[in-house]
Colleague: 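One structure, pasted below without further comment.
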Amino acid sequence: MAHNNDLPCDGDGRCMTCKINPPEEEKITCKTCVTPWHLDCLSSRPQTLADAAQWECPDCSSLVCSNAPPSAVASGSEQADSLVAAIRAIESDASLSDQEKARRRQQLLSGSGNDDDADGGGKLSDEKKEVAGGGGGGNDVLKLLSGSFNCSFCMQLPERPVTTPCGHNFCLKCFEKWVGQGKRTCAICRTAIPHKMASQPRINASLVIAIRMAKMTRSNAASGPLKPYYSVLNQNKPDKAYTTERAKKTGKANACSGKIFVTVPPDHFGPIPAENDPERGMGVLVGENWEDRLECRQWGAHLPHVAGICGQSDYGAQSVALSGGYEDDEDHGEWFLYTGSGGRDLSGNKRTNKTQSFDQKFDKSNEALRVSCKMGYPVRVVRSHKEKRSAYAPEKGVRYDGVYRIEKCWRKPGIQGYKVCRYLFVRCDNDPAPWTSDENGDRPRPLPTIKELKEASDVTERKGPPSWDYNEEKACWLWKVPPPESRKQADRRDVGDGTQTRIVRRKTQMMSVSERLLKEFCCLICHKVMNLPLTTPCAHNFCKSCLQDTFAGQTFIKERNCEGRRTLRAQKNIMKCPSCSNDISEYLQNPQVNRELMSVIESLQSQTKEMEENAVLEEEMLNEDEKNDVIQEDKNEKSETEVKDVCSEANEDVKETDENQVIAKPSPKANKKRKAVGGTENAPNKKLHEETNVMMDGDINGSENQTIKSSNVNPGLAGSEDLKVASA
DNA sequence: ACAGCTGTTCGT
DNA sequence: ACGAACAGCTGT
């Protein structure tokens, strides 16, 4: 805080001294920190216009006077002086854009500017590469968004965007102000604003996420490691779980999982590190909270969304959930006794059943846990709020509590009389548990005495040294033996020729801001990037065709004619938003495409396409030598065909990239390739082709899609016949 | 409190 | 490819 009592305007433009929102002409902006202040509330005001232009706020001028430096900004007066000098240097640098100036100012003030180089980590350098690579960098995307989504009132990217039924985007604040002035028409197109929209405008969450993402990619480099604000992040989760059409019940009980945000293979052991968290670049941290099991799954902490154990009997168990499902469980925080699964009758359509009807055995996931015990693997543990008997369970949702080792396992008669598998879990994480105020993680601790071991049978203890163990020198837990190699990743790769793998890996590396943004602009019905996006008054986004198809054949008014009697008053037909069940029938009478959104999507698409085409071309060039090597070294039929396929793909790509360019290869190659796709002679070929199709988003593919779409809309018309012919 | 739904993975 | 198992979830 400044040394005097003056206070600036807050983020909403409201003066923090008098609490009113002064009109622009009563505000003055600091030339150093660009913060607005309320003129009337200032203890010393500038005397002339020229003074006003060069005015410096009390906070910044106090830095220069350095009587009592604001603690939050700098710790010593010399530092404060140099800070102001640095800010001035930025301001006077004519080569910088306003945006870049703002970014650098923020960087300085956030205090991370000094250790910028040391702190950035892998994520930062990736970001930089992305920008340098051109075509999809964060700044470009931010510019793109600023160009399209800037609120027409304040000319800023809306912090809380709302979309009118006529398809125009504004800040919530500006929109409310407009409506508050009694205006009932859109400021851009003068279309009437429906009453409900005026009284209860809804935030367009997709836009929020998109704008935030673009901002984050800009400020990531500046603000260093992100602070984990999970609740906020999760609240506006982009890729949420969704219910299929087949699901008769709504809600997450029968939902499909949303996208998995981490890049570890499904059979990954141990903590999830920052390098496998492209979304946030911080890995899955101890204490992280998720709303439910599906969200927990999306962050890779525990993949099965019903089962308590994640594991494979011949490989080991990666994670367990403590959800209060088995009454024999005993939780002491740093260690707990866990019960295996099974022993219950789940016939019919039951997913759970509390009563046991037979003994548990060391098979399936119970055996997987035993493998992890024998090998000394780290097992991730999540606790659910449903575990009511444990003091260590979270209040809400599911929480990641770090890794544990299974020190012993055995069988004993459970509370219900049948034998259960038992496991002693002891915590061995480098981070402190969520329930301790301890700053350090675990140290090896003596095993607790377990009374029930007296009546135990089939006791298994680890014989050899544990794979995951404490290193005294480094004072942390680490892999003493290399972790088991993932088998799932190996499945995805095509053994022999590494070409496909590399394309895939490069693609993930290049998962640019624009690509991630495109994912945010998915239709809530078809889950594809929106085509002719519509935003409902309830702020949900759909393709125009998807939304209209949903209500195809329905009329807006129900006639209620009863024969022989008088005609009843026509009734409005309720049409529920597919996402939130609000009545959107009024909106559907004249839905307007969100053109700003559409142009952003189109720009992003062309950007992404360009990048991918470049990537394929680069790939082709890089692989030129290796291809020859592969053909020479490996006469394997499969890898040869694959190489050929890559060749023809790349050639076709060239054709699409530049139509003027004369292609030496004749068209039969492309035809041959298409034939290969139609037939099922070679599965890997097909796989590769699909991959590339997605990347190209070419004309052929596009028209095919349309055929399928139209056949969906009009079954029995030419489209479906086409399909039949194609499959015959 | 409970019936009843169905997505994902494991193992055959 | 298929069925069984699974410590969830929601509406009544």
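A, B, ... follow the sequence lines: proteins, then strands. Residue 1 opens every chain.
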Colleague: How do A:Lys350 and A:Ser313 order along DNA chain B: which one's closest nucleotide is nearer the 5' end?
Modeller: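 On the 5' side of the pair lies A:Lys350.
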Colleague: May I have the distance from A:Arg422 (atom CZ) to C:dA7 (atom P), rounded to whole angstrom?
Modeller: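 Rounded to whole Å, this separation is 15 Å.
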Colleague: Which sits closer to the 5' end of DNA chain B, A:Ala255 or A:Ser365, going by the nucleotide each is nearest to?
Modeller: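 This one resolves to A:Ala255.
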Colleague: Identify which one of A:Thr339, A:Asn366, A:Thr460 satisfies the side chain to side chain contact (heavy atoms under 4.5 Å, CB included) criterion when paired with A:Tyr423.
Modeller: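 For A:Tyr423, the side chain to side chain contact (heavy atoms under 4.5 Å, CB included) check succeeds only for A:Asn366.
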Colleague: So what's the dot-bracket for DNA chain C: Watson-Crick or G-U pairs under 3.5 Å, [ ] if a pair crosses, | if it pairs off-strand?
Modeller: ||||||.|||||
Colleague: Going by salt bridge (charged side-chain N to carboxylate O under 4.0 Å, His left out), A:Asp331 matches just one of A:Arg389, A:Arg427, A:Arg383. Which one?
Modeller: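 With A:Asp331 as partner, A:Arg389, A:Arg427, A:Arg383 yield a single salt bridge (charged side-chain N to carboxylate O under 4.0 Å, His left out), made by A:Arg383.
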Colleague: Over how many whole Å does the gap from A:Leu303 atom CG to C:dC6 atom C1' extend?
Modeller: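 For the pair A:Leu303 CG and C:dC6 C1', the rounded distance is 14 Å.
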Colleague: Please list, by residue number, the residues of residues 316-336 of chain A whose heavy atoms come closer than 4.0 Å to an atom of DNA chain C; answer none if no residue qualifies.
Modeller: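 Per residue number, the list reads A:Ala321, A:Leu322, A:Ser323, A:Gly324, A:Gly325, A:Tyr326, A:Asp329.
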Colleague: Could you tell me whether the side chains of A:Asp267 and A:Ser486 share a donor-acceptor contact shorter than 3.5 Å?
Modeller: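 Judged by distance alone, the side chains do pair up.
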Colleague: With a 4.0 Å heavy-atom cut-off, tell me which residues in residues 304-312 of chain A come close to DNA chain C, sorted by residue number.
Modeller: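 Going residue by residue through residues 304-312 of chain A, the ones with a heavy atom under 4.0 Å of DNA chain C turn out to be A:His305, A:Val306, A:Ala307, A:Gly308.
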Colleague: Once you apply a heavy-atom cut-off of 4.0 Å, does A:Ser341 come out as touching a base, just sugar-phosphate, or nothing?
Modeller: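 Result for A:Ser341 = sugar-phosphate.
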Colleague: Compile the donor-acceptor pairs under 3.5 Å between side chains in residues 320-328 of chain A and protein atoms, sequence neighbours left out, one pair per line.
Modeller:
{"residue": "A:Tyr326", "atom": "OH", "partner": "A:Gly342", "partner atom": "N", "Å": "3.2"}
{"residue": "A:Glu327", "atom": "OE2", "partner": "A:Gln416", "partner atom": "NE2", "Å": "2.7"}
{"residue": "A:Asp328", "atom": "OD1", "partner": "A:Ile415", "partner atom": "N", "Å": "2.9"}

Colleague: Can you tell me how far P of C:dA7 sits from CZ of A:Arg383, to the nearest Å?
Modeller: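 It works out to 17 Å between those atoms.
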Colleague: Measure the distance from CD on A:Glu367 to C1' on C:dA5 and round it to the nearest whole Å.
Modeller: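 To the nearest whole Å, that distance equals 17 Å.
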Colleague: Answer whether the closest heavy-atom distance between the side chains of A:Val382 and A:Arg399 falls below 4.5 Å.
Modeller: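 A:Val382 does not reach A:Arg399 side chain to side chain.
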Colleague: To the nearest Å, how far apart are A:Lys386 NZ and C:dT10 C1'?
Modeller: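 For the pair A:Lys386 NZ and C:dT10 C1', the rounded distance is 11 Å.
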Colleague: Taking the six-membered ring for Trp, are A:Tyr315 and A:Phe269 closer than 6.0 Å centroid to centroid?
Modeller: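 Ring centres of A:Phe269 and A:Tyr315 closer than 6.0 Å.
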Colleague: Assign the ring pair A:Phe336 / A:Tyr338 to parallel, tilted or perpendicular, where the plane angle (0 to 90°) is split at 30° and 60°.
Modeller: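 A:Phe336 vs A:Tyr338 ring planes: perpendicular.
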Colleague: Nearest 0.5 angstrom please: A:Arg411 CZ to A:Lys419 NZ, how far?
Modeller: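 If we round to the nearest 0.5 Å, A:Arg411:CZ and A:Lys419:NZ are 4.5 Å apart.
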Colleague: How would you label the contact of A:Thr339 with the nucleic acid (heavy atoms, under 4.0 Å): base, sugar-phosphate, or nothing?
Modeller: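 Base, at least one base heavy atom under 4.0 Å.
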Colleague: Are any of the side-chain heavy atoms of A:Cys522 and A:Lys528 separated by less than 4.5 Å?
Modeller: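 No. Closest side-chain heavy atoms not under 4.5 Å.
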Colleague: Give me the first and last nucleotide of DNA chain B, going 5' to 3', that has any atom under 4.0 Å from a heavy atom of chain A.
Modeller: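 Both ends considered, the range comes out as B:dA3 to B:dG11.
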Colleague: Check this for me, if you would: do A:Arg280 and A:Glu288 make a salt bridge, where the nitrogen-to-carboxylate-oxygen distance has to be below 4.0 angstrom?
Modeller: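 Between A:Glu288 and A:Arg280 there is a salt bridge, with a charged N closer than 4.0 Å to a carboxylate O.
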Colleague: Reading DNA chain C from 5' onward, which residue's closest nucleotide shows up sooner: A:Val398 or A:Gly342?
Modeller: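 Its nucleotide being nearer the 5' end, the pick is A:Gly342.
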Colleague: Quick one: list whatever passes side-chain hydrogen bond (donor to acceptor under 3.5 Å, both in side chains) with A:Ser313, sequence neighbours left out.
Modeller: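 With sequence neighbours excluded, A:Ser313 shows a side-chain hydrogen bond (donor to acceptor under 3.5 Å, both in side chains) to no residue whatsoever.
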Colleague: Could you tell me whether A:Tyr315 contacts a base, only the sugar-phosphate backbone, or nothing, with contacts defined as non-hydrogen atoms closer than 4.0 Å?
Modeller: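 No contact at all - A:Tyr315 keeps every heavy atom at 4.0 Å or more from the nucleic acid.
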Colleague: Looking at A:Arg405 and A:Glu407, is there a salt bridge between them, counting it only when a charged N and a carboxylate O are closer than 4.0 Å?
Modeller: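 Yes.
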Colleague: Write down the distance between CZ (A:Arg344) and C1' (C:dC6), rounded to a whole number of angstrom.
Modeller: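 Checked: the CZ to C1' distance equals 10 Å.
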